[in-house]
Amino acid sequence: ILVHLEMLVFINVPYRMVDDNMGRAASLSVGVEIYLDNHLVEDMDRSHVKELGRKLRGHGIPCTVHAPFMDLSPGAFDRTIRRITQDKLKKAVEAANLLDAKTCICHPGYDKWRFDGNEQLWLEGSIETWEKVLGDAGDNLPIVVENIFEETPSTFIALFDYFKNKNLWYCFDAGHFNLFSIVPLDAWLTPLRHRVREMHLHDNHGKSDEHLPIGSGTFPFRELKRLVNQMQGQEIIFTIEPHIEAVVIESIKRLKEFLT
């Protein structure tokens, strides 16, 4: 049984909706993963962010931050695109530090179609990006990268290999694995197990990113449970990202059941 189960359960909430949903998060005993979109990171008011962090702490609600990702490419070949990406990620990191967030989740951006299978090209650009982002994050904010279109964990293994002793970690996303992975679950979680800091647990039927409650699709949650049980002693944050209001309560309920 995981200790402090509730406090490890988080729910994704867009930044502008956090204030209105604070009482609800507190009553459900969940933390919040605060999503900052591309425009929001540009327009955010530092004092507002700080105040939001103060309110969350007052309610006893821990938070994480999900950085912007639309159109961004941390491992881009084009240095202008890389610079824009770094700028947005650094702003997200600044907000995460102001909020006293437990982690900042980012998309690493490798896609074999866009990079023509050239993982090395992606890695070179990525190293520059994450060095800068980790430098801004400092020692207290773990940067966590999640799988999206990756078919195998090879790009993550290479990235973590380069940043061996740095504060860079892995977020396993079950729904994205179900859509894009061409290798089994343990091929991801065995080599990456000591880097797992977070999991996004949602389900789908392998055709679209439906963000359904656990057990409503085809993802192998029983097998995941076995692998999670082998990670005893690691503090892992478990997050749900329901895309529609109707499944919020059911998603939380099933996640808590999964964890007990």
Side-chain angles (χ1 to χ4, degrees), residues 1-12 28-33 35 62 64 66 69 102-108 110 142-157 159-160 168-244 247-260:
I1 304 291
L2 293 170
V3 197
H4 298 318
L5 171 63
E6 290 77 43
M7 284 303 125
L8 292 174
V9 171
F10 283 63
I11 182 166
N12 177 283
L28 291 165
S29 301
V30 292
V32 288
E33 176 188 85
Y35 172 54
T64 59
H66 195 307
F69 56 88
K102 283 180 162 295
T103 62
C104 181
I105 300 110
C106 305
H107 290 189
Y110 181 74
I143 300 298
V144 184
V145 286
E146 75 168 291
N147 55 295
I148 312 292
F149 302 122
E150 293 85 357
E151 294 182 336
T152 75
S154 56
T155 46
F156 288 93
I157 292 167
L159 195 62
F160 293 136
L168 185 69
W169 304 87
Y170 176 51
C171 170
F172 173 72
D173 189 295
H176 300 152
F177 165 91
N178 209 39
L179 291 171
F180 301 110
S181 181
I182 56 170
V183 296
L185 199 51
D186 60 357
W188 286 82
L189 291 178
T190 302
L192 297 174
R193 111 178 226 194
H194 296 296
R195 285 285 187 164
V196 174
R197 185 56 70 97
E198 193 155 338
M199 292 194 179
H200 285 168
L201 297 187
H202 53 102
D203 214 340
N204 60 56
H205 294 90
K207 294 279 187 282
S208 70
D209 200 11
E210 297 167 276
H211 282 257
L212 300 171
I214 288 174
S216 302
T218 58
F219 177 85
F221 278 103
R222 189 168 289 136
E223 192 189 342
L224 179 64
K225 176 80 186 230
R226 181 179 61 76
L227 291 162
V228 167
N229 286 340
Q230 293 168 9
M231 297 177 193
Q232 293 299 350
Q234 279 173 252
E235 185 180 310
I236 299 171
I237 288 168
F238 295 92
T239 303
I240 52 164
E241 301 178 306
H243 281 185
I244 51 167
V247 299
V248 169
I249 301 298
E250 189 58 31
S251 293
I252 293 171
K253 182 169 149 287
R254 293 208 201 161
L255 174 54
K256 289 187 177 180
E257 283 166 3
F258 173 79
L259 292 175
T260 46

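Remember, predicted model here, so these are calculated numbers, not experimental data.
Pro108 pairs with exactly one of Asn147, Val145, Thr155 by the side chain to side chain contact (heavy atoms under 4.5 Å, CB included) rule, that one being Val145. Test Thr239, Ile237, Asp173, Leu224 against Met199 for side chain to side chain contact (heavy atoms under 4.5 Å, CB included) and you get one pass: Leu224. Each of Tyr170, Phe172, Trp169 was evaluated against Phe156; a single residue qualifies, Tyr170, per the ring pair (Phe, Tyr, Trp, His ring centres under 6.0 Å) test.
Interatomic distance, NZ of Lys253 versus CD of Glu257, reported as 4.5 Å (0.5 Å rounding).
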Glu198/Lys102 under salt bridge (charged side-chain N to carboxylate O under 4.0 Å, His left out): CA gap, chis, key distance, verdict: CA-CA 10 Å; Glu198 193 155 338; Lys102 283 180 162 295; over 6 Å; no
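Proximity of a side-chain donor or acceptor of Arg195 to a complementary backbone N or O of Phe160 within less than 3.5 Å is detected. Without hydrogens or angle criteria, Gln230 side chain to Val228 main chain gives no donor-acceptor distance under 3.5 Å.
Under 3.5 Å, the side chains of His202 and Glu210 contain no donor-acceptor pair of N or O atoms. Under 3.5 Å, the side chains of His200 and Glu33 contain a donor-acceptor pair of N or O atoms. If you check the side chains of Asn178 and Asn204, you find a donor sitting under 3.5 Å from an acceptor. Residues His211 and Asp203 have side chains that never bring a donor and an acceptor to within less than 3.5 angstrom of each other.
The two atoms that bring Ala174 and Leu201 nearest to each other are CB-CD2, 4.0 Å, heavy atoms only.
Within 6.0 Å of CZ in Phe149 there are 12 or fewer heavy atoms belonging to other residues, nucleotides or ligands.
Between Phe10 and Phe238, a ring centre-to-centre spacing not shorter than 6.0 Å is recorded.
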